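FYI, the numbering just counts along the sequence from 1. Note that the structure is a prediction, hence the values are computed from the model and not measured. Reckoned from all heavy atoms, side chains included, excluding hydrogens, waters and symmetry mates. In each ligand, atom 1 is the first atom listed, and ligand 1 is the first ligand listed.
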Amino acid sequence: MERTVYLNGEYLLESQASVSIFDRGFLFADAVYEVTAVLQGKLIDNAGHFRRLERSCRELNLTLPVTYQELTAIQHELIAKNGLQEGGIYLQLTRGNEGDRDFSYSEGVAPTLMLFTQARNLVNNPKVQQGIKVISYDDMRWRRRDIKTTSLLPACMAKHAAHAANADDVWLIEDGYVTEGGSSNAYIVTQEGNIVTRPLSNDILHGITRASLITLADELGVTVEERYFTIDEAYAAKEAFISSATTFVWPVVAIDDKPIGDGKPGHIALALRDIYIRTAQAMAE
Ligand code: PMP
């Protein structure tokens with residue numbers, strides 16, 4: 001069945017929605033995006049995603065054409081029109097179309113705003129019980145990874161390499177240290193039971209799920225160390241896991257074919273996942 005999508009103020013069937021070949025999102029990846037999870041037809045952590053979208057826009061001098069209230073109204077309309085119970089809503093905002101290709105842009109051009117829904121099995125995903133296998137991979141991205149742009153070719157290359165190696169995803173490595181996952185934040189649990197994750201900087205995306213997990217870990221009484229960690233420290237960890245809006249928390253059971261801990265999903269990862277889902281659902285909009 002065709003989805004109904006949103007494009008620049010209109011709700012259209014997906015086959016009817018089109019964007020100019022001169023759109024700067026298409027020509028230059030001059031665009032930002034966000035993905036908000038949907039559970040039981042409600043938006044998860046959406047205010048955080050909006051704040052990050054505002055920040056991405058500010059950093060790139062992009063104009064966000066909707067307020068938070070307007071955006072949530074669009075998201076709810078899409079959820080209703082598509083009968084979405086569980087999955088996500090993808091949003092993309094580009095610098096629009098000036099009718100030709102030119103690296104530099106003019107101010108005041110109407111941006112392109114587009115959203116669509118994706119049905120997905122988030123809560124009972126088989127990866128939760130199985131855990132995922134990742135490979136380490138050179139982090140070849142640019143130096144503003146804190147901005148959520150659609151310039152995702154390095155992530156596509158990395159994930160393709162992971163699949164070719166019979167793994168599920170990558171952990172990206174820079175100067176010997178893990179930055180993050182292919183499209184997630186990365187964590188290990190030390191033998192002492194502390195969570196370790198890379199501190200926020202321009203080197204990683206400031207995950208919305210990450211922010212919530214750090215607060216929840218505190219409430220569980222688990223210490224979070226925001227510091228660099230090497231891939232060797234990860235091999236020797238008790239547990240490893242990733243977080244994102246589309247996975248919440250998925251345990252990592254092997255890195256570069258080396259089992260992590262006993263090779264099964266870790267207790268802290270699963271406990272954090274449960275508490276995240278319960279809390280997020282209670283606060284869903
Ligand atoms: N890092 C990268 C590179 C990502 O693509 C994502 C997913 N958008 C994340 C981290 C996790 O961010 P969030 O929890 O906000 O989905």
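Across Ala217 and Val224, no two heavy atoms sit closer than the pair CB-CG2, 3.6 Å.
Partner Gln75 forms a side chain to side chain contact (heavy atoms under 4.5 Å, CB included) with one of Thr117, Leu84, Ile89 and no other, that one being Ile89.
Residues satisfying the ring-ring contact (aromatic ring centres under 6.0 Å, His included) test with Tyr137, not counting sequence neighbours, are none. Partners of Thr279 according to the side chain to side chain contact (heavy atoms under 4.5 Å, CB included) rule, which considers only residues two or more places apart in sequence or in another chain, are Leu216, Ile275, Met283.
Using a heavy-atom distance under 4.0 Å as the criterion, the protein contacts of ligand 1 are Tyr33, His49, Arg52, Arg141, Lys148, Glu180, Ser183, Ser184, Asn185, Leu205, Gly207, Ile208, Thr209, Ser243, Ser244, Ala245.
Sorted by first and then second residue, the pairs that involve residues 123-135 and meet side chain to side chain donor-acceptor pair (under 3.5 Å), not counting sequence neighbours, are Lys127-Asp168.
Under a 4.0 Å N-O distance rule, the pair Glu180/Arg141 qualifies as a salt bridge.
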